[in-house]
Number of protein chains: 2
Amino acid sequence: MRVKSQLVGLPEVVESDLVRQVARSLSAAIVEGRLRPGTKVSEAAVARELGISRAPVREAARLLENQGLLRASPRRGFFVRELSAAEVDELYDLRICVERHAALAASCRLTQKTRAALREQLALMDALARADDPAACIEADYQFHRMIFEAAGNSRLLRVFDGLSSELRVVIGLIGRLYDDPMKLARAHVPLLEAIEAGRADTILAEVDHHLGVARREVGLLVQSLSTGAALP
Amino acid sequence: MRVKSQLVGLPEVVESDLVRQVARSLSAAIVEGRLRPGTKVSEAAVARELGISRAPVREAARLLENQGLLRASPRRGFFVRELSAAEVDELYDLRICVERHAALAASCRLTQKTRAALREQLALMDALARADDPAACIEADYQFHRMIFEAAGNSRLLRVFDGLSSELRVVIGLIGRLYDDPMKLARAHVPLLEAIEAGRADTILAEVDHHLGVARREVGLLVQSLSTGAALP
DNA sequence: TAAGCGTCGATTGTCGACAGTTTTGGCTTG
DNA sequence: CAAGCCAAAACTGTCGACAATCGACGCTTA
């Protein structure tokens with residue numbers, strides 16, 4: 001026991017942690033596409049813009065480097081990570097691997113509560129698709145998959161997913177309005193959830209493979225079109 | 001193309017990167033068991049001992065935090081990560097998931113060269129076991145598994161493994177001489193390699209499950225005995 | 001005219017310092 | 001003698017500054 005006297009677990013101090021704030025800020029800028037892949041991220045500039053010193057910025061940059069959002073080039077600074085088509089393929093390869101596991105585990109441990117939450121999330125996606133808000137729809141998509149990993153009940157597995165998706169979002173953030181059909185995106189998740197609810201292992205695996213296989217192809221095409229210099233909104 | 005004119009590939013400048021040096025130093029101290037789980041890692045103390053300022057130490061600590069070796073407690077400093085039995089179970093759950101994938105992929109892409117390297121590694125383990133050097137044997141064990149991930153040809157998958165094993169090594173580093181039978185450890189890997197060489201998917205999966213299942217149990221027992229305050233060398 | 005070299009500005013890597021907070025040790029008190 | 005409180009020390013979080021290094025621009029030269 002390291003805790004001397006634990007009262008009720010109430011306080012949960014709001015982390016004023018400047019480093020994490022900076023990390024979130026930068027992360028958001030990257031994911032939202034305001035910082036394009038390949039862009040140099042100057043410590044001094046960020047520090048000036050945020051009105052703080054360079055030390056917290058540096059640490060935040062290290063954090064994002066380890067998360068795969070930034071690439072550190074010694075003595076030259078940090079750059080927004082660029083993803084080649086091959087790397088996207090790697091990411092999806094790994095993602096299929098872990099998401100199969102997550103979906104199976106989630107199916108085993110599925111509670112009434114999480115089942116309802118998952119259904120609600122799909123309804124949200126559908127609503128956002130109807131409202132023609134692709135960005136929010138993609139965010140909801142991400143959350144849906146993340147909920148599956150949460151339901152799997154393995155925090156390390158969830159961490160891998162977070163790492164993966166933060167890398168992927170460097171690219172996916174660029175999709176925005178480009179996404180052709182949000183409705184299709186929303187509907188594509190229904191059979192996956194149904195398979196998880198049904199609890200048949202082979203069906204679940206097939207659905208995950210299919211769902212992510214499609215995503216892998218589409219994101220792959222996107223990246224390819226990006227690297228050939230297609231126009232962006 | 002970013003390189004203007006590539007001469008022969010000679011230079012390979014030694015990275016003076018102080019941060020990584022510190023990270024390696026701390027990492028080694030933790031893995032080798034000189035820094036026990038739960039121990040506070042004082043920035044000032046480390047900086048003094050290494051004869052440098054606190055800034056690089058701070059950044060290295062952040063790095064190790066993100067790697068799972070340290071735990072950051074705001075305003076209180078960094079502590080060597082402690083692993084509960086449940087967390088070790090989580091780690092092995094994830095590891096089985098990714099190692100199944102890695103073993104399958106490695107089997108598909110197996111070249112003559114990597115096959116020879118894997119066999120050599122097993123021979124090395126055997127030799128170390130005969131020489132009664134459990135620490136080196138464990139290191140060789142780790143390297144063998146890492147080589148499988150390398151052979152799989154997915155750098156992200158490898159990164160997950162590195163993350164996993166760095167967390168596990170916090171515990172495993174404490175085993176040292178406690179390990180009961182190094183020879184058993186060395187021999188246990190033979191069928192796994194043979195399965196990979198044979199290239200039969202179901203056999204590979206079964207071997208991975210068996211091999212890691214055993215390891216999971218043994219490490220789990222170790223952690224349990226640690227938490228009950230068993231003596232250590 | 002084009003290629004190579006040297007210099008200048010800008011940026012990173014590292015340092016020491018200061019303010020605020022946590023911990024520790026001793027002291028008081030029941 | 002144990003528990004609680006108070007003050008001092010130690011430590012973290014952040015800052016501004018300096019030296020070393022990198023990239024760019026202009027100059028020299030074949």
Side-chain angles (χ1 to χ4, degrees), chain A residues 1-7 9-26 29 35 38-66 69-82, chain B residues 1-8 11-26 29 35-36 38-66 69-82:
Chain A
M1 282 303 154
R2 202 154 301 272
V3 186
K4 244 178 199 167
S5 67
Q6 174 122 16
L7 301 181
L10 66 129
E12 191 94 31
V13 193
V14 62
E15 261 187 71
S16 80
D17 209 340
L18 196 48
V19 172
R20 280 188 208 271
Q21 251 176 292
V22 176
R24 281 188 188 283
S25 179
L26 279 177
L35 283 172
T39 310
K40 176 168 165 54
V41 178
S42 160
E43 300 174 8
V46 174
R48 266 197 305 273
E49 189 166 332
L50 296 179
I52 59 179
S53 113
R54 272 174 45 221
V57 177
R58 256 184 99 69
E59 291 189 30
R62 285 272 177 207
L63 226 107
L64 295 183
E65 181 203 359
N66 213 280
L69 284 182
L70 293 180
R71 176 174 50 86
S73 187
R75 299 258 170 221
R76 292 175 14 97
F78 293 90
F79 297 81
V80 179
R81 183 76 179 264
E82 314 179 73
Chain B
M1 281 304 155
R2 202 156 299 273
V3 185
K4 244 179 199 168
S5 68
Q6 173 120 18
L7 300 181
V8 278
E12 189 100 27
V13 190
V14 61
E15 259 187 74
S16 81
D17 208 339
L18 196 48
V19 172
R20 279 183 211 274
Q21 250 176 293
V22 176
R24 280 188 188 285
S25 178
L26 279 177
L35 282 172
R36 291 284 165 77
T39 311
K40 176 168 165 55
V41 178
S42 159
E43 300 174 8
V46 174
R48 268 196 303 274
E49 189 166 333
L50 296 179
I52 59 179
S53 116
R54 273 174 45 221
V57 177
R58 257 184 97 71
E59 292 188 30
R62 285 273 176 206
L63 228 109
L64 295 183
E65 181 203 0
N66 214 282
L69 283 182
L70 295 180
R71 176 173 50 86
S73 187
R75 299 253 170 224
R76 292 175 12 99
F78 293 90
F79 298 81
V80 179
R81 184 77 178 264
E82 312 180 75

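So you know, we letter chains A, B, ... as the sequences are listed, proteins then strands, and number each from 1.
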Open item on the list: Tell me the interatomic distance from B:Glu43, atom CD, to C:dT14, atom P, rounded to whole angstroms.
Closed with: 15 Å
Task: Closest to the B:Leu18 side chain, choosing from D:dG16, C:dT14, C:dT12 - done: C:dT14
- [ ] State which of C:dT12, C:dC15, D:dC15 makes the closest approach to the side chain of B:Pro56.
- [x] C:dC15
Task: Heavy-atom donor-acceptor pair, A:Arg75 side-chain to D:dG23 base, under 3.5 Å - done: no
- [ ] Using atom CZ of B:Arg71 as one end and atom P of D:dT12 as the other, report the distance to the nearest whole Å.
- [x] 14 Å
- [ ] To the nearest 0.5 Å, tell me how far A:Leu64 CG sits from A:Leu69 CG.
- [x] 5.5 Å
Task: Gap between atoms CD and C1', on B:Gln21 and C:dG13 respectively (whole Å) - done: 13 Å
Task: Given D:dC11, D:dG23, C:dT14, the nucleotide with the shortest approach to the side chain of B:Ser42 - done: D:dC11
Open item on the list: So which atom in B:Ala60 and which in B:Ala23 form the shortest heavy-atom distance, rounded to 0.1 Å?
Closed with: CB-N, 3.7 Å
Open item on the list: Tell me if the side-chain of B:Arg54 makes a donor-acceptor pair with the base of D:dG13, cut-off 3.5 Å, by modelled atom types.
Closed with: yes
TODO: Please round to the nearest 0.5 Å and tell me the distance separating atom CZ of B:Phe78 and atom OG of B:Ser73.
DONE: 10.0 Å
TODO: Specify the separation, in whole Å, of atom CZ of B:Arg62 and atom P of D:dG13.
DONE: 7 Å
Open item on the list: At less than 4.0 Å, is any side-chain N or O atom of A:Ser53 found next to OP1 or OP2 of D:dC15? Yes or no.
Closed with: yes
- [ ] Please tell me which of the listed nucleotides, C:dG13, C:dC15, D:dG13, lies nearest to the side chain of B:Ile52?
- [x] C:dC15
- [ ] For A:Leu63 and D:dG13, give me the distance from atom CG to atom C1', rounded to whole Å.
- [x] 16 Å
Task: B:Lys40 side-chain N/O to C:dT24 phosphate OP1/OP2 under 4.0 Å - done: no
TODO: State whether B:Arg62 and B:Glu59 are salt-bridged, where the test is any N-O pair (Lys NZ or Arg NE/NH1/NH2 against Asp/Glu carboxylate O) under 4.0 Å.
DONE: no
TODO: Check B:Leu26 against B:Val46 and note the closest heavy-atom contact, atom names and distance.
DONE: CD2-CG2, 4.2 Å
Task: Separation of C:dT12 C1' from A:Glu59 CD (nearest whole Å) - done: 15 Å
- [ ] Grab the CZ-P distance between A:Arg58 and C:dG13 for me, whole Å please.
- [x] 4 Å
